[in-house]
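Numbers restart at 1 for each chain; the letters A, B, ... are given by sequence-line order, proteins then strands.
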Amino acid sequence: MIWNTIKLAVSEIGRNMMRSFLTILGIVIGVGAVISMVTLGGGATSQITNEITSLGSNLLILRPGTNEGHGGIRTSATPFKLEDVEAIDNHIAGIAAVTPVSSTTATAVYGNTNWSTSVMGTDNKYLTVRMWEIERGRAFSANELAIGKTVCLLGSTVAEELFGSLDPLDAKIRLGKIACTVIGVLTSKGESTFGMDQDDFILTPVKTLHRRMRGNTDVNMIYISAESEISSEQVQEDITELMRERRNIRTGDTDDFELNDMAQVARTVESTTGILTTFLGAIAAISLLVGGIGIMNIMLVSVTERTREIGIRLAIGALGREVLLQFLVEAIILSLFGGIIGIGLGLGLAAVTAPALGIPFVFNLDIIVIAFLFSGLVGIIFGFFPARRAALMDPIDALRYE
Amino acid sequence: MDTSILPRSGNDKDKRAEKTGLPLVDFSKVSKVYGVGRAQVIAMDEVDLAINEGEFVAIMGPSGSGKSTCLNLIGCLDTPSSGSYRFKGVAVGGLSRNQRALLRRHYLGFIFQGYNLLKRTTAIENVEMPLVYRGYKKSVRQKMSLTALKEVGLEGREHHTPAQLSGGEQQRVAIARAIATNPSLLLADEPTGNLDSKKGSEIMDLLTKLNQDRGITIIMVTHERAMAEYADRTVHFLDGRISNIQNNRVIHQ
């Protein structure tokens with residue numbers, strides 16, 4: 001019986017091809033929108049998460065905060081010193097590496113090309129903490145770091161801009177007022193999600209930057225990599241305590257520095273994009289609802305149009321529930337068709353749009369199954385009312401209907 | 001499906017046995033009232049009528065005389081407001097909507113003035129429709145439908161849609177649909193109303209043949225005296241009551 005009903009429904013749908021197509025258009029668009037939104041959203045989430053993890057594992061970033069001065073004027077707090085880095089290295093348990101970053105901006109010149117970029121004074125641990133790899137050349141030697149020699153490592157963008165196809169190794173570039181020997185080039189990380197070029201910088205030993213370029217010994221940031229097995233909360237607490245002590249902050253006063261846990265940031269961003277995806281999906285789901293109403297509309301028209309047919313069926317002995325099933329199955333098949341086409345459309349749209357937006361295409365089977373089942377549900381819900389109307393018809397009136 | 005309330009579906013042996021027993025259709029003081037209060041209309045007023053197995057009965061009367069109401073009641077599409085209607089001894093008034101549907105499915109066939117075939121559906125598919133509800137397999141359905149179409153003289157036109165058939169042919173398809181299930185009772189509501197007299201006579205010849213050869217009981221509503229004369233008896237309705245029952249065969253016998 002059910003098989004006959006399905007065959008009957010399919011032939012009935014096929015008999016009115018154009019109308020069937022228009023009927024399911026709402027569902028197609030609704031499901032398509034949900035699928036493409038959620039797929040793109042999922043892609044964006046996974047990309048952002050990857051990027052934050054690529055900043056470094058268990059990375060903590062320490063920066064000077066702001067002081068609240070008299071009259072509520074906020075001033076930038078005292079920068080750190082290299083001694084702070086040593087103190088953290090010596091006194092805090094459970095850290096894998098700690099590295100200072102002092103930065104400035106300078107114009108790098110080679111031959112007749114110049115390129116304005118940021119220059120960071122640091123040491124070799126920076127490469128470990130931020131997970132940079134040296135593509136060509138070598139890292140700083142102990143001696144270069146200790147006496148602050150004028151050597152530098154180039155980010156791939158800088159190497160490209162200054163040297164083009166030439167070999168930058170051992171070349172001398174002018175960096176602000178100093179001459180500097182290139183000892184290596186770093187592997188490219190490319191653009192970040194937010195469109196920032198991650199390869200546009202130059203690294204020098206921190207002492208070189210201090211003595212030859214800045215004329216002071218300020219450290220702008222300290223990167224700390226916690227050991228992976230250790231709870232970063234404990235490390236954060238210890239560092240905070242140490243820095244309060246070193247910066248003479250009295251009990252009860254607020255910190256004049258910030259300690260950010262990148263894992264925490266990753267979680268926050270992930271949940272934010274997750275919420276965004278859900279939100280977009282929910283908006284798209286509203287169009288599914290509208291699609292469902294479209295199906296109900298056409299099914300009601302169909303029931304009215306086929307009143308005589310319903311009358312004949314009831315007269316020759318069809319039960320109310322058999323007529324109900326017939327129209328319900330028709331609505332369900334229609335909306336499942338719509339769902340399948342919508343899934344194809346949504347995936348296609350996401351596959352085309354994702355590269356244009358610079359987002360990876362992440363295939364999400366869950367949402368496809370959910371969208372399929374949901375479109376079936378839409379068929380049941382919105383098909384039920386018209387089907388019931390058909391089933392409850394009085395055969396005498398239905399046969400007389402003109 | 002529960003058919004236990006109904007008499008057993010008849011093979012020919014049972015049908016002959018029943019002929020000697022109860023009437024097929026038995027009305028006892030059957031009334032049908034539509035509406036309430038001042039808007040009340042009495043469509044049938046305490047009608048007594050008995051029709052036996054194998055009979056061919058015509059019902060005539062002016063519009064509003066109650067003949068259509070009578071046919072609807074006989075066809076179990078409606079239930080009496082009062083009085084008792086027994087079909088094969090079963091009190092139809094006490095049956096539920098579904099039980100009446102099952103009774104129609106297993107014992108009744110319908111023919112209408114407007115043919116009421118499914119549009120854009122071939123003749124054979126139209127004839128198959130009641131067989132689907134009876135739960136026959138596709139192969140059996142096709143065989144039964146072909147036999148029925150052959151019986152009404154539409155061999156070779158099985159795959160024509162109603163739009164490709166003349167009015168007389170469409171009515172033949174409708175008759176094939178009604179007899180394919182081998183019903184005990186065939187109800188015809190002005191079957192020749194949309195046809196010219198020549199085509200009408202052909203349809204009446206066909207109905208007479210079905211009545212005589214297959215023993216199918218036929219009750220037909222008509223307002224054409226010429227068509228009513230094909231029947232054994234003519235029941236005349238006037239103002240919801242039977243005014244006269246005329247025996248058409250007496251003269252010939």
Side-chain angles (χ1 to χ4, degrees), chain A residues 1-21 23 298 301-330 333 387-402, chain B residues 1-3 6 32 34 43 68-69 71-73 75-79 96-122 125-138 141 161 174 177-181 183 186-187 189:
Chain A
M1 190 70 210
I2 188 76
W3 180 236
N4 278 327
T5 311
I6 290 170
K7 276 198 289 191
L8 185 69
V10 171
S11 72
E12 199 53 53
I13 289 165
R15 218 166 273 177
N16 255 314
M17 222 41 185
M18 188 62 187
R19 192 172 74 184
S20 301
F21 174 71
T23 307
I298 298 295
V301 171
S302 175
V303 165
T304 308
E305 212 183 67
R306 286 155 68 190
T307 299
R308 271 170 163 272
E309 176 192 331
I310 294 162
I312 301 161
R313 288 181 183 279
L314 290 170
I316 64 167
L319 298 177
R321 63 166 181 266
E322 287 166 335
V323 172
L324 181 115
L325 193 70
Q326 183 192 338
F327 281 89
L328 196 57
V329 164
E330 211 174 301
I333 289 178
R388 206 178 78 104
R389 210 167 105 162
L392 292 181
M393 276 185 188
D394 177 15
I396 299 170
D397 294 339
L399 280 170
R400 230 178 262 152
Y401 183 84
E402 290 301 328
Chain B
M1 265 167 261
D2 181 26
T3 53
L6 305 172
K32 184 67 192 178
Y34 294 110
S68 289
T69 304
L71 198 73
N72 288 338
L73 285 173
C76 303
L77 293 167
D78 214 340
T79 47
S96 71
R97 187 179 146 99
N98 279 348
Q99 285 170 327
R100 280 186 285 125
L102 290 174
L103 196 145
R104 291 196 296 272
R105 176 184 299 187
H106 291 281
Y107 295 98
L108 303 181
F110 288 89
I111 307 168
F112 309 94
Q113 179 176 4
Y115 326 130
N116 278 338
L117 299 175
L118 301 189
K119 280 179 280 181
R120 286 168 294 194
T121 306
T122 61
E125 284 171 332
N126 265 293
V127 178
E128 271 185 50
M129 188 176 70
L131 300 170
V132 172
Y133 290 109
R134 279 202 170 190
Y136 289 111
K137 280 194 299 188
K138 177 89 182 163
R141 287 205 307 262
T161 61
R177 178 177 67 190
I179 62 165
T181 56
L186 186 61
L187 295 166
D189 189 1

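Once rounded to the nearest 0.5 Å, the distance linking CG of A/Leu319 with CD of B/Gln99 reads 10.5 Å. Taking CD1 of A/Ile316 as the reference point, atom CZ of B/Arg134 lies at 10.0 Å (rounded to 0.5 Å). A distance of 4.0 Å separates CD of A/Glu322 from CZ of B/Arg105, quoted to the nearest 0.5 Å.
Considering all non-hydrogen atoms of both residues, A/Pro395 and B/Arg97 come closest at CD-NH1, 4.4 Å. Across every non-hydrogen atom of B/Ala101 and A/Ala318, the tightest pair is CB-O, 3.9 Å.
By the neighbour-count criterion of 12 heavy atoms within 6.0 Å, atom NZ of B/Lys119 is sparsely surrounded, having that number or fewer from other residues, nucleotides or ligands.
Interface residues of residues 304-315 of chain A toward chain B, defined by a heavy-atom distance below 4.5 Å and sorted by number: A/Arg308, A/Glu309, A/Ile312, A/Arg313, A/Leu314, A/Ala315.
For A/Arg15, the salt bridge (charged side-chain N to carboxylate O under 4.0 Å, His left out) partners two or more places apart in sequence, or in a different chain, are A/Glu12.
For B/Leu108, no part lies near chain A; criterion is any non-hydrogen pair under 4.5 Å. The part of A/Asn16 that comes within reach of chain B is its side chain, from C-beta onward, which places non-hydrogen atoms under 4.5 angstrom from that chain. Only the side chain of A/Ile396 comes within contact range of chain B, judged by heavy atoms closer than 4.5 Å. Using a 4.5 Å cut-off between heavy atoms, B/Arg177 touches chain A through its side chain atoms alone.
When the candidates B/Met129, B/Gln113, B/Arg100 are compared by the number of heavy-atom contacts under 4.5 Å with chain A, B/Met129 comes out ahead.
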